[in-house]
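Just so it is clear, the structure is predicted and the values come from calculations on it, not from any experiment. Only this structure's heavy atoms are used, side chains among them; waters, hydrogens and symmetry mates stay out. A note on names: the letters A, B, ... follow the listed sequences, proteins ahead of strands, and every chain is numbered from 1.
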2 protein chains.
Amino acid sequence: MIKIENVSKIYKMGTIDVPALREVSFSIKQNEFVSIMGPSGSGKSTLMNIIGCLDTPTIGRYFLDGIEVEKLGDNDLAAIRNKKIGFVFQTFNLLPRTNALKNVELPLIYAGVSVKERDKIAKSLLVDVGLGDRFEHNPSELSGGQRQRVAIARALVNTPSILLADEPTGNLDSKAGAEIMEIFNSLHQKGATIILVTHERYVAEFADRIIHLFDGKVVKDENVDRV
Amino acid sequence: MIKIENVSKIYKMGTIDVPALREVSFSIKQNEFVSIMGPSGSGKSTLMNIIGCLDTPTIGRYFLDGIEVEKLGDNDLAAIRNKKIGFVFQTFNLLPRTNALKNVELPLIYAGVSVKERDKIAKSLLVDVGLGDRFEHNPSELSGGQRQRVAIARALVNTPSILLADEPTGNLDSKAGAEIMEIFNSLHQKGATIILVTHERYVAEFADRIIHLFDGKVVKDENVDRV
Ligand SMILES: Nc1ncnc2c1ncn2[C@@H]1O[C@H](COP(=O)(O)OP(=O)(O)OP(=O)(O)O)[C@@H](O)[C@H]1O
Ligand SMILES: Nc1ncnc2c1ncn2[C@@H]1O[C@H](COP(=O)(O)OP(=O)(O)OP(=O)(O)O)[C@@H](O)[C@H]1O
Ligand SMILES: [Mg+2]
Ligand SMILES: [Mg+2]
């Protein structure tokens with residue numbers, strides 16, 4: 001369960017304040033699938049960074065499974081980031097000069113999984129995202145969409161209970177995009193909570209609910225009707 | 001006039017060959033507006049890098065305004081890249097720790113334009129792309145879509161006669177995307193040649209013609225009917 005309570009985020013640029021989020025409040029239940037939409041610059045990635053425990057609110061509170069995240073120690077936060085939450089960054093954040101397989105294995109190395117086991121898991125995920133023939137390629141030897149798919153595979157490798165995906169299909173053609181959404185769907189059916197940022201309506205509608213941000217505020221929170 | 005003649009591009013990964021383009025041939029006339037579509041990994045960015053004189057074919061020839069690019073010296077190539085061609089990279093390639101204004105001014109600094117003049121041109125372009133209030137932000141202080149728009153402004157700052165844009169709206173919501181396409185349209189009406197890579201059909205249809213790549217080959221070359 002995720003509870004965002006009156007959260008504002010204000011970036012400081014020297015003497016200027018840049019408000020990115022303004023008194024945002026909402027909750028997301030366990031195993032819910034929620035999309036976040038909104039214009040460029042409206043605060044979507046800022047909100048995802050807070051939910052993913054990568055950044056903290058300037059004002060307001062964030063509760064994860066009933067516990068206020070601000071009160072957690074560094075070890076608890078590291079365990080949450082590594083085991084509970086899978087994050088697909090908008091900018092991918094792949095390790096340069098490191099091949100696709102190693103990039104995907106990285107979270108498993110931190111989690112102490114054996115070499116044989118992590119090799120098997122990482123390879124099977126790269127195959128799932130259509131990169132069975134790109135294990136040895138470094139990020140500079142992959143196309144934009146292929147890098148994005150490596151980042152998706154890395155986010156899934158620890159079978160997270162919460163998946164945060166920031167524009168996961170932004171660099172993909174509609175076929176590759178649909179394949180990724182199928183993978184997210186099956187993770188959702190296995191019980192995971194999924195929060196997805198997208199600017200494409202047809203992708204947002206894979207979710208049960210869409211939260212709309214504008215200029216840092218929640219301006220709409222709609223259910224997706226399944227006909 | 002751009003003429004691609006039987007061009008293949010094969011990347012070498014140790015002992016393995018990775019064919020990215022396979023015997024591609026087509027021509028693009030002065031002041032034509034052409035889109036390139038194709039699945040992730042089909043060779044679109046590789047083709048754009050060759051057309052933009054940033055990479056060379058493994059086999060085949062590339063003619064720009066009747067001159068074979070391979071025969072050009074470094075000074076000619078630098079002048080083409082800086083004055084004739086504007087490039088919006090799929091990965092933006094902005095200078096980190098350098099604010100938006102300076103990033104956009106960069107091509108004008110190389111071209112020897114005065115401080116006052118380049119400040120005026122760069123500011124007006126940032127306003128055109130909706131970033132009038134982000135001059136002082138570095139890339140790390142901008143959202144994904146805002147960074148993309150800085151990269152677009154930088155590509156336009158030298159009023160290029162050829163604009164190469166690789167997924168220019170990939171990180172933008174439909175409103176911001178439409179605003180960018182309006183700017184490209186007006187550049188086209190002033191006589192520029194525009195080549196645009198996209199995976200979104202409605203963006204591709206702003207062009208006169210769509211070239212479809214699949215697995216490194218041109219599989220279709222269609223005119224866009226204007227009704
Ligand atoms: N330096 C390299 N070394 C080896 N292979 C490479 C290299 N750069 C690209 N490739 C391969 O060449 C193929 C074409 O890449 P390219 O970047 O042109 O694709 P693209 O059509 O732009 O895809 P996307 O839509 O994902 O951006 C891909 O399969 C990619 O893995
Ligand atoms: N470190 C920072 N310092 C100052 N301002 C920032 C910083 N990071 C982000 N911003 C500003 O905060 C606002 C929200 O940014 P955010 O990245 O959350 O937008 P977004 O909704 O994800 O947009 P996009 O769709 O373009 O990715 C933007 O206007 C941006 O300029
Ligand atoms: Mg964002
Ligand atoms: Mg590409």
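- A/Asn171 and B/Glu167 share no donor-acceptor pair across their side chains, judged by distance under 3.5 Å alone.
- For B/Tyr202, the OH atom is densely surrounded, since the number of other residues' heavy atoms within 6.0 Å is greater than 12.
- A/His199 has its side chain out of reach of B/Thr169: every pair of non-hydrogen atoms, C-beta onward, lies at least 4.5 Å apart.
- The candidate from B/His137, B/Glu200, B/Glu141, B/Lys44 with the greatest count of non-hydrogen atom pairs under 4.5 Å with chain A is B/His137.
- Within 6.0 Å of the CD atom in A/Glu222, the count of heavy atoms belonging to other residues, nucleotides or ligands exceeds 12.
- Listed options B/Ala20, B/Gly144, B/Gly177 were ranked by heavy-atom pairs under 4.5 angstrom with chain A; first place goes to B/Gly144.
- Top candidate by heavy-atom pairs under 4.5 Å with chain B, chosen from A/Leu172, A/Thr198, A/Ile16, A/Thr46, is A/Leu172.
- Between chain A and the residues B/Arg147, B/Glu136, B/Gln90, B/Gln148, the most heavy-atom pairs under 4.5 angstrom are made by B/Gln90.
- Shown here is B/Tyr11, whose OH atom has more than 12 heavy atoms of other residues, nucleotides or ligands within 6.0 Å.
- Of the atoms belonging to A/Thr91, it is side-chain heavy atoms, and not backbone ones, that fall under 4.5 Å from chain B.
- For A/Ser40, the parts lying under 4.5 angstrom from a heavy atom of chain B are both the backbone and the side chain.
- At least one side-chain heavy atom of B/Arg134 sits less than 4.5 Å from a side-chain heavy atom of A/Val18.
- Contacts between A/Arg149 and chain B at a heavy-atom distance below 4.5 Å involve the side chain alone, from C-beta outward.
- Counted within 6.0 Å of OH on B/Tyr110, heavy atoms from surrounding residues, nucleotides or ligands total 12 or fewer; the atom is thus considered open.
- Within a 6.0 Å sphere centred on CG of B/Asp74, heavy atoms belonging to other residues, nucleotides or ligands number 12 at most.
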